[in-house]
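First listed ligand is number 1; within each ligand, the first listed atom is number 1. Along the sequence shown, the residues carry numbers beginning at 1.
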Amino acid sequence: MALFKSLDPLDEEKKQSPVDAEIEKVKCLIIGSGPAGYTAAIYAARANLNPVLYEGIEPGGQLTTTNEVENYPGYPEGVTGPVMMEDFKKQAERFGTDVRFGIATAADLSKRPFKVTIDDKKVIEAEVLIIATGATAKYLGLESETKYKGQGVSACATCDGFFYKGKDVAVVGGGDTAAEEATYLAGICNKVYLIVRKDHMRASKVMQERVFNTKNIEILFEHNTKEIVGDSSGVNGAILVNGKGEEVKIDIHGFFLAIGHKPNSDIFKEYIDTDEVGYIKTQPDTSKTNVEGVFACGDVMDPHYRQAITAAGTGCRAAIDAERFLSSQRR
Ligand code: NDP
């Protein structure tokens with residue numbers, strides 16, 4: 001053992017080598033901070049897995065882009081998405097979850113411990129990994145869409161439809177989601193315009209039938225959205241362009257995107273099985289992926305329900321599965 005501190009500055013530098021300093025070993029790593037990630041963290045922390053959670057690109061997840069959440073049990077008066085996610089975070093931290101800023105930029109899941117790179121520099125070695133990276137709703141890319149997000153523009157009819165009760169709204173898209181959301185909104189709103197860019201819908205026949213048979217849905221085939229218009233109280237219309245190139249204005253208060261979601265699974269795809277869209281496949285009735293010790297929960301593995309409450313439920317499963325996996329390794 002050296003009795004004296006080295007006088008060579010290079011020795012000190014070597015000890016602090018960025019490569020060594022940037023590798024950290026953890027028992028349970030959770031990527032993602034939506035309802036799934038935080039619920040997994042609450043359960044994992046209470047099971048003494050000392051979870052480290054990286055928040056990802058959108059701390060709090062998709063719910064932070066919603067205004068009021070009224071359908072999450074336990075909030076009888078409703079709650080805003082950002083406040084609810086702050087509550088989730090506090091609860092996860094209360095039991096010792098180490099919540100950190102940072103984005104997972106690469107992963108090596110070829111063997112345990114799994115290596116996940118954060119922000120292209122720090123490497124975390126984890127005994128178990130819980131993927132809760134969510135999905136990102138696709139938007140058209142209009143400036144006005146960003147301006148009115150949460151003020152009339154939404155990518156979730158089930159979450160926000162109720163706020164447009166009795167009003168006129170529009171849904172963009174021609175797939176199953178658009179058909180489902182238009183039908184759902186038709187039960188709440190006065191009128192629903194369904195804006196479809198082609199002269200036909202991609203949705204399954206049964207879903208199309210449902211749309212065609214709903215009196216207060218008007219389908220605008222071969223229409224594209226040019227602009228969403230509004231004022232300080234939110235959206236009040238949209239300017240569309242029809243197949244002949246003519247502009248058409250519709251008066252609406254809600255503008256719902258239903259043009260698909262992109263599951264955030266790209267960095268794991270080399271190792272983890274996904275469907276053709278990128279949703280992570282889990283073994284029936286579990287959160288287990290095809291890689292032992294890697295679990296998935298929330299919207300990154302759920303193309304069907306995509307609700308905060310269902311995501312939270314799968315987060316709970318992932319933490320329980322992770323804990324049982326680690327226990328089985330110790331036996
Ligand atoms: P899809 O990818 O199936 O459909 C997306 C729709 O959005 C298409 O009609 C597409 O048009 C349109 N679109 C894409 N980009 C634009 C754009 N820039 N401007 C205008 N329109 C655009 O996504 P979904 O979310 O509908 O469905 C995803 C998966 O989930 C599917 O497999 C679906 O079957 C499934 N699903 C099943 C449900 C159920 O069974 N209950 C409910 C919901 C979804 P185009 O056709 O011209 O490409």
Side-chain angles (χ1 to χ4, degrees), residues 62 65-66 71 133-149 153-161 169-188 192-214 217-229 235 237-248 250 252 254-266 273-282 296 298-311 314:
Q62 288 185 80
T65 64
T66 339
N71 53 7
T133 42
T136 307
K138 291 184 190 163
Y139 284 81
L140 297 171
L142 304 171
E143 241 174 67
S144 48
E145 196 179 39
T146 314
K147 183 174 170 187
Y148 293 111
K149 216 186 253 185
V153 172
S154 165
C156 180
T158 328
C159 319
D160 297 328
V169 298
V171 175
V172 189
D176 280 334
T177 302
E180 198 169 67
E181 304 225 330
T183 315
Y184 174 79
L185 288 167
I188 301 169
V192 180
Y193 293 98
L194 182 58
I195 305 166
V196 182
R197 66 179 172 183
K198 291 192 177 139
D199 64 357
H200 61 274
M201 291 179 71
R202 184 198 291 199
S204 54
K205 284 280 168 277
V206 59
M207 303 283 261
Q208 288 193 39
E209 287 294 314
R210 224 169 277 166
V211 169
F212 298 148
N213 293 331
T214 305
I217 298 179
E218 181 180 337
I219 309 178
L220 301 173
F221 284 114
E222 292 188 271
H223 279 67
N224 277 291
T225 310
K226 186 178 174 200
E227 215 59 75
I228 299 158
V229 290
V235 169
I239 297 165
L240 315 178
V241 178
N242 68 18
K244 294 180 195 148
E246 299 158 343
E247 286 192 5
V248 182
I250 53 172
I252 49 161
F255 185 88
F256 290 88
L257 280 307
I259 60 172
H261 282 76
K262 185 182 182 314
N264 301 317
S265 60
D266 286 357
D273 289 346
T274 68
D275 69 9
E276 64 283 359
V277 182
Y279 286 99
I280 291 178
K281 288 185 182 170
T282 50
D299 286 11
V300 74
M301 48 69 71
D302 173 17
H304 300 295
Y305 302 104
R306 299 196 289 247
Q307 300 301 299
I309 185 71
T310 50
T314 58

*Please check if atom NZ in K262 has more than 12 non-hydrogen atoms from other residues, nucleotides or ligands closer than 6.0 Å.*
yes
*Which atom pair, heavy atoms only, marks the closest approach of I252 to V169?*
CG2-C, 3.6 Å
_atom 40 (O) of ligand 1 protein-contacted (non-hydrogen atom, under 4.0 angstrom)_ = no
_F212 atom CZ, over 12 foreign heavy atoms within 6.0 Å_ = yes
*For atom 34 (O) of ligand 1, what's the nearest protein heavy atom and its distance?*
D176 OD2, 2.6 Å
*Which pair of heavy atoms, one from A258 and one from V171, lies closest together, and at what distance?*
CB-CG1, 4.0 Å
*Protein contact to atom 30 (O) of ligand 1 [nearest heavy atom, distance to 0.1 Å]*: P303 O, 4.4 Å
_Please find the pair of heavy atoms, one from I219 and one from V211, that lie closest to each other, and give the distance._
CD1-CG1, 3.6 Å
*side chain to side chain contact (heavy atoms under 4.5 Å, CB included) partner of F256, chosen from I195, V172, V192, D160*: D160
*Answer yes if a protein heavy atom lies under 4.0 Å from atom 32 (O) of ligand 1, otherwise answer no.*
no
*Starting from atom 22 (C) of ligand 1, find the nearest protein heavy-atom neighbour and note its residue, name and distance.*
I259 CG2, 3.4 Å
*Could you say whether the N/O atoms of G174 and ligand 1 ever approach to under 3.5 Å?*
yes
*Within a distance under 4.0 Å of any heavy atom of G175, pick out the atoms of ligand 1 and give their elements.*
4 (O), 6 (C), 8 (C), 9 (O), 26 (O)
*With rounding to the nearest 0.5 Å, note down the distance linking NZ in K147 to CD in E145.*
13.5 Å
_Between ligand 1 and M207, is the shortest N or O to N or O distance under 3.5 Å?_
no
*Closest to atom 47 (O) of ligand 1 (judged by heavy-atom distance), picking from E276, K138, E180, R197*: R197
*In Å and rounded to the nearest 0.5 Å, what is the CG to CD distance from N242 to E222?*
8.5 Å
*What's the shortest heavy-atom distance between G278 and S265, and which atoms?*
O-OG, 2.6 Å
*Should the proximity of V196 to ligand 1, defined as any heavy atom under 4.0 Å, be assigned to the side chain, the backbone, both, or neither?*
neither
*Considering only the protein, which heavy-atom contact is closest to atom 46 (O) of ligand 1, and what is its distance?*
R202 NE, 3.2 Å
*Is atom 43 (C) of ligand 1 close to the protein, meaning a heavy atom under 4.0 Å from it?*
yes
*Only heavy atoms count here, so choose which of T177, N224, L140 is nearest to atom 26 (O) of ligand 1.*
T177
*Worked check of side-chain contact (heavy atoms from CB on, under 4.5 Å) between T314 and Y305*: CA-CA 11 Å; T314 58; Y305 302 104; over 6 Å; no
*Should K198 be counted as touching ligand 1, given the test is an N or O pair under 3.5 Å?*
yes
*May I ask you to identify the nearest protein heavy atom to atom 23 (O) of ligand 1, giving residue, atom name and distance to one decimal place in Å?*
G260 CA, 3.9 Å
*Gap between atom CZ of F255 and atom CD1 of I250 - 0.5 Å precision*: 7.5 Å
*For ligand 1, find out whether one of its N or O atoms is nearer than 3.5 Å to an N or O atom of H304.*
no
*N/O of H261 under 3.5 Å from N/O of ligand 1, yes or no?*
no
